[in-house]
Amino acid sequence: MSLVFFSFLLRTSSVLRRTLHSSVITSSLAHRQDRSLFYSPYSSTCSPFQQKVSKTPSRPVSIFFSRFATSTKQGSADQRLKRVLEAEINRLRESGDFGKECTPPGSFPFEIIDNTGDQTITLNRDFAGENIEIEVPLPTFEDEEEEEEGSGDDGSQDEEKECVEQTKVPLIVKVSKGEDPHLLFCCTGYQDDLTIDELLIKRQEASSTRIPYEGPKFLDLDEELHKAFFKYLDERGINGSLIHFLRDYLMEKDEREYLAWLHNVKDFIGK
């Protein structure tokens with residue numbers, strides 16, 4: 001009787017251990033599966049929590065990209081830009097000063113080399129066995145206000161403001177005699193006046209192992225030397241009269257280049 005009862009207890013204990021072991025394994029697998037789903041958003045099988053998170057932003061994101069794609073399509077922005085460009089072109093053409101050619105005076109001694117699309121014009125002339133070449137870039141046109149205060153204690157004369165266009169015309173003047181060396185003047189034109197900013201004596205082939213002495217600063221030279229160099233340039237036609245002509249010529253060129261630029265942009269947008 002005791003043996004039968006003891007065998008029954010052994011079988012019951014074995015069944016209980018298998019049941020508990022199976023429950024533990026099932027619980028562990030389920031736990032690992034849940035962790036895998038939670039930390040693996042790219043898994044093919046998603047938990048209900050992941051499906052809810054992944055589906056929630058789908059509608060706003062799709063709407064956002066739909067609107068973005070619509071806004072970047074070629075259409076209204078291009079047409080509006082073309083209309084604005086055409087309006088600016090017409091405004092320039094209808095202005096009173098547009099199209100007026102700035103012709104040099106009859107005694108103008110220089111040949112003007114002016115290529116459309118270039119930022120710089122070149123002036124050339126021969127003078128007493130010398131070749132004179134002047135490079136002139138387009139200047140910056142600026143408006144500055146000058147105040148003139150009236151005199152008198154009673155204030156009968158009010159302050160007057162005059163808008164004067166200050167145009168700085170930079171020039172690089174090269175004077176050569178067909179061989180080295182050559183003189184290089186860096187000048188600036190103001191209205192009908194000319195200043196020399198720097199004077200250098202240069203050679204075409206400079207040694208890379210030595211730095212040549214090119215002279216002192218122009219402002220440090222003696223006053224008599226200043227006058228002599230200005231006379232030297234004036235005799236070659238580089239003076240206030242040239243600056244006056246260049247100022248008008250460069251303003252006209254600036255308008256021409258601006259109009260050509262507008263046309264080039266408009267043609268590109270219209271392709």
Indicate the atoms forming the closest heavy-atom contact of [X] with [Y], along with that distance.
X    : Y    : answer
F185 : V175 : CE1-CG2, 4.4 Å
P105 : F245 : CD-CD1, 4.2 Å
F110 : G237 : CE1-O, 3.6 Å
G270 : K82  : CA-NZ, 4.1 Å
V169 : L171 : O-CD1, 3.1 Å

Let me confirm one number: the [atom1]-[atom2] distance from [X] to [Y], rounded to the nearest 0.5 Å.
X    : Y    : atom1 : atom2 : value
L85  : F268 : CG    : CZ    : 12.0 Å
L123 : E135 : CG    : CD    : 10.0 Å
R256 : C102 : CZ    : SG    : 10.0 Å
R83  : I269 : CZ    : CD1   : 13.0 Å
S76  : L81  : OG    : CG    : 11.5 Å
Q191 : R247 : CD    : CZ    : 5.0 Å

Item checked: Reference residue I121; test side chain to side chain contact (heavy atoms under 4.5 Å, CB included); the match among I134, L250, I113 ->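 Between I121 and the candidates, side chain to side chain contact (heavy atoms under 4.5 Å, CB included) is satisfied uniquely by L250.
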Can you tell me if [X] uses its side chain to pair, donor with acceptor, with the backbone of [Y] under 3.5 Å?
X    : Y    : result
T195 : T188 : yes
N239 : L242 : yes
R236 : R125 : no
E257 : G117 : yes

Do the side chains of [Y] and [X] get nearer than 4.5 Å, heavy atoms only?
X    : Y    : result
K253 : L138 : yes
I112 : Y249 : yes
L194 : D234 : no
I243 : D193 : no

Counting only pairs under 3.5 Å, give me each side-chain donor-acceptor contact of residues 217-233, with atom names and distances, residues two or more places apart or in other chains.
{"from": "D222", "atom 1": "OD2", "to": "E224", "atom 2": "N", "distance (Å)": "2.9"}
{"from": "H226", "atom 1": "NE2", "to": "F218", "atom 2": "O", "distance (Å)": "2.6"}

Notebook entry, point to check: Using links of under 4.5 Å between side-chain heavy atoms of ILVMFWY residues, direct or through other members, which residues join L200 in one cluster?
Noted result: I172, L184
Item checked: Listed partners of E86 passing salt bridge (Lys or Arg N to Asp or Glu O under 4.0 Å), at least two apart -> K266
Notebook entry, point to check: Hey, is NE2 on H182 packed in by over 12 heavy atoms from elsewhere, all under 6.0 Å?
Noted result: yes
Next item on the list: Evaluate the criterion side chain to side chain contact (heavy atoms under 4.5 Å, CB included) for residue pair I89 and H263; output intermediate values, then yes/no.
Entry: CA-CA 8 Å; I89 291 172; H263 277 290; 3.8 Å; yes
